[in-house]
Visitor: 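Below: one structure in structure tokens.
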Amino acid sequence: MPELPEVETIARGLARRIIGRTVERVRIGLPKMAVAPEDLVFAKALVGERIERIGRRGKYVVMELQSGRGLVTSLRMTGRLIVQRDRALAPHPYTHVALDLNDGSRLCFADSRQFGRMRLVGPGERWDAALGTEPLSLDFTPEAFIGMLCGRPTPIKVFLLDQRRIAGIGNIYACEALWEARIRPDRPAKSLGKPAIRRLHPAIVGVLQRAIRLRGTTVDDYVDAEGLRGGFQNKLAVYGRNGKPCKRCGRKVVRTVLAQRGTWWCRGCQK
DNA sequence: CCGCCGCCCTGCTTGC
DNA sequence: TGCAAGCAGGGCGGCG
């Protein structure tokens, strides 16, 4: 599941390959996957656009176009953005939107589960107004984090997954950061004291940075813009490690459910 | 504003 | 071995 480090890796890979290219043709296999403002037709509006910049906001890949419009992609769980050098090749499996570019390459938006969306946004449109702080930005200070948690009864893990507070953390990195900070996932956010918050803050930043360095985590599905798997799955301490020994204290990692999501943690050293 | 729930989908796992 | 049922999960809209 692409979270911040995976989306960052995808965006960097796309930037190397398709910045400066122009969209020559758009093919849409599944119309619901390609959303445009009401007065525009997605495919028509995209043809002729040059891709100027590529970045990331939370878990969204953002491509800035020559007209000032943006092409914003949410990959959800199984979405992929893959560049094929040669569009004579068969499209990547489950491709629902394909952009043919003027150098003969093709950008495939593929998604076996069809949960992802590619959305065209207008110049200056505040499409990300509901998204919270970028955890790798200077805005995300320990003090800001303390302020966010203040008075909140929500379990800390559920809080970390709430994109309106901090943007980009998903299930994998929420579990890993809480393990690193030695905090139980079900503790009410407001119950964390300053020492715990001061452990959790650098744990969040650190795990995201290390995962980016290793080009993300491939548990089953994720690949980057070139179709390559990540490397951070080998570094996971708890996520998906049900029954295996905790790397810190040796006790078996357990799986519980919190807000309908699998949650892996160690009863021995997360308090 | 806040929190909770159901829905969207299909590949994979589980159980008989 | 084969098949069906159940599960997983991010974001969003609806509801209280």
Side-chain angles (χ1 to χ4, degrees), chain A residues 1-11 28-38 56-62 70-81 92-97 109-121 125-135 147-177 185-191 208 211 216-223 229 233 236 238-243 254-265:
Chain A
M1 295 126 268
E3 305 180 23
L4 187 154
E6 292 75 33
V7 177
E8 180 69 28
T9 304
I10 290 167
I28 299 174
L30 197 54
K32 69 171 180 182
M33 306 289 289
V35 181
E38 292 209 357
R56 175 196 60 74
R57 172 81 169 99
K59 302 180 199 174
Y60 297 81
V61 177
V62 183
L71 185 60
V72 178
T73 305
S74 163
L75 297 162
R76 300 286 185 97
M77 274 89 67
T78 48
R80 295 176 166 186
L81 281 172
H92 195 78
Y94 303 106
T95 292
H96 303 303
V97 183
F109 175 38
D111 188 350
S112 66
R113 233 172 268 189
Q114 304 177 13
F115 276 8
R117 291 293 181 271
M118 205 172 228
R119 187 148 80 95
L120 196 58
V121 298
E125 185 179 333
R126 297 191 60 236
W127 64 270
D128 66 340
L131 288 182
T133 307
E134 283 292 325
M148 288 182 203
L149 299 177
C150 185
R152 304 209 166 268
T154 311
I156 183 62
K157 191 209 170 198
V158 178
F159 178 91
L160 294 178
L161 294 176
D162 186 344
Q163 304 299 300
R164 296 170 301 181
R165 311 296 159 203
I166 304 170
I169 302 173
N171 210 14
I172 296 172
Y173 300 106
C175 290
E176 293 297 306
D186 59 354
R187 271 184 66 180
K190 66 181 182 184
S191 78
L208 294 174
T217 302
T218 300
V219 173
D220 42 25
D221 221 73
Y222 160 74
V223 291
R229 293 163 56 85
Q233 60 277 10
L236 295 175
V238 283
Y239 182 86
R241 299 189 74 247
N242 201 16
V254 295
R255 179 186 185 275
T256 58
V257 175
L258 211 46
Q260 287 90 246
R261 281 179 180 98
T263 302
W264 290 267
W265 57 291

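Excluded from the calculations below are hydrogen atoms, water molecules and symmetry mates; all remaining heavy atoms, backbone and side chain alike, are included. The chains referred to below are lettered A, B, ... by the order of the sequence lines, with proteins before strands, and numbering in each begins at 1.
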Visitor: For a quick check of understanding: with a heavy-atom distance under 4.0 Å over all strands, which category does Met77(A) fall into, base, sugar-phosphate or nothing?
Guide: base

Visitor: Decide yes or no on side-chain contact (heavy atoms from CB on, under 4.5 Å) for Arg56(A) and Leu4(A), but give the supporting numbers first.
Guide: CA-CA 8 Å; Arg56(A) 175 196 60 74; Leu4(A) 187 154; 3.4 Å; yes

Visitor: Would you tell me whether Gln233(A) and Tyr222(A) have side-chain atoms, one donor and one acceptor, within less than 3.5 Å of each other?
Guide: no

Visitor: Just to confirm, is there a sub-4.0 Å distance from OP1 or OP2 of dG9(C) to any side-chain nitrogen or oxygen of Gln260(A)?
Guide: no

Visitor: Fill in the dot-bracket string of DNA chain B, one character per base: . for unpaired, | for a pair to another strand, ( ) or [ ] for pairs within the strand, taking Watson-Crick or G-U pairs under 3.5 Å.
Guide: .|||||||||||||||

Visitor: Please report the distance, rounded to the nearest Å, between CE in Met33(A) and C1' in dG11(C).
Guide: 13 Å

Visitor: Donor-acceptor pair, distance only, cut-off 3.5 Å: does the side chain of Thr78(A) make one with the backbone of Arg76(A)?
Guide: no

Visitor: Got a list of protein N/O to nucleotides 12-16 of chain C N/O distances below 3.5 Å?
Guide:
from	atom 1	to	atom 2	distance (Å)
dC12(C)	OP1	Tyr60(A)	OH	3.2

Visitor: Which pairs count as salt bridge (Lys or Arg N to Asp or Glu O under 4.0 Å) when at least one residue sits in residues 149-162 of chain A, sequence neighbours excluded?
Guide: Asp162(A)-Arg164(A), Asp162(A)-Arg165(A)

Visitor: Please enumerate all protein N or O atoms sitting under 3.5 Å from an N or O of nucleotides 11-15 of chain B, with distances to 0.1 Å.
Guide:
from	atom 1	to	atom 2	distance (Å)
dG11(B)	OP1	Tyr94(A)	OH	2.9

Visitor: Which part of the nucleic acid, if any, lies within contact of Gly116(A), taking any heavy atom under 4.0 Å across all strands shown: a base, the sugar-phosphate backbone alone, or nothing?
Guide: nothing

Visitor: Please check if the side chain of Gln163(A) supplies one atom and the backbone of Gly132(A) the other of a donor-acceptor pair under 3.5 Å.
Guide: no

Visitor: Answer yes or no: is there a donor N or O on one side and an acceptor on the other, between the side chain of Arg187(A) and the main chain of Ala189(A), under 3.5 Å?
Guide: no

Visitor: Given side chains that start at C-beta, do those of Glu8(A) and Leu208(A) come closer than 4.5 Å, heavy atoms only?
Guide: no

Visitor: Atom CZ of Arg255(A) to atom P of dG9(C): distance rounded to whole Å?
Guide: 6 Å

Visitor: Say whether, by atom type as modelled, one donor and one acceptor occur between the side chain of Asp111(A) and the main chain of His96(A) under 3.5 angstrom.
Guide: no

Visitor: Gln163(A) CD to dG9(C) P: how many Å, rounded?
Guide: 15 Å

Visitor: Give a yes/no answer on whether the side chain of Lys59(A) brings an N or O atom under 4.0 Å of OP1 or OP2 in dG11(C).
Guide: yes

Visitor: For dC8(B), does either OP1 or OP2 sit under 4.0 Å from a side-chain N or O belonging to Lys32(A)?
Guide: no

Visitor: Closer than 4.0 Å, any side-chain N/O of Gln114(A) to the OP1 or OP2 of dT10(B)?
Guide: yes

Visitor: Provide, to the nearest angstrom, the distance between the CG atom belonging to Leu160(A) and the C1' atom belonging to dG10(C).
Guide: 15 Å

Visitor: Any sub-3.5 Å donor-acceptor pair from Gln114(A)'s side-chain atoms to Ser112(A)'s backbone N or O?
Guide: no

Visitor: Under 3.5 Å, side chain of Arg80(A) to main-chain N/O of Thr95(A), donor-acceptor pair present?
Guide: no

Visitor: Kindly determine whether Arg57(A) and Glu134(A) satisfy salt bridge (Lys or Arg N to Asp or Glu O under 4.0 Å), including the steps that lead there.
Guide: CA-CA 8 Å; Arg57(A) 172 81 169 99; Glu134(A) 283 292 325; 2.9 Å; yes

Visitor: Can you list the residues that meet the salt bridge (Lys or Arg N to Asp or Glu O under 4.0 Å) rule with Glu176(A), with sequence neighbours excluded?
Guide: none

Visitor: Please produce a list of atom pairs where a protein N or O lies less than 3.5 Å from an N or O of nucleotides 2-4 of chain B.
Guide:
from	atom 1	to	atom 2	distance (Å)
dC2(B)	OP1	Arg152(A)	NH2	3.2
dC2(B)	OP2	Arg165(A)	NH2	3.1
dG3(B)	OP1	Thr154(A)	OG1	3.1

Visitor: Check the pair Asp186(A) / Thr256(A) against side-chain contact (heavy atoms from CB on, under 4.5 Å), numbers first and verdict last.
Guide: CA-CA 10 Å; Asp186(A) 59 354; Thr256(A) 58; over 6 Å; no

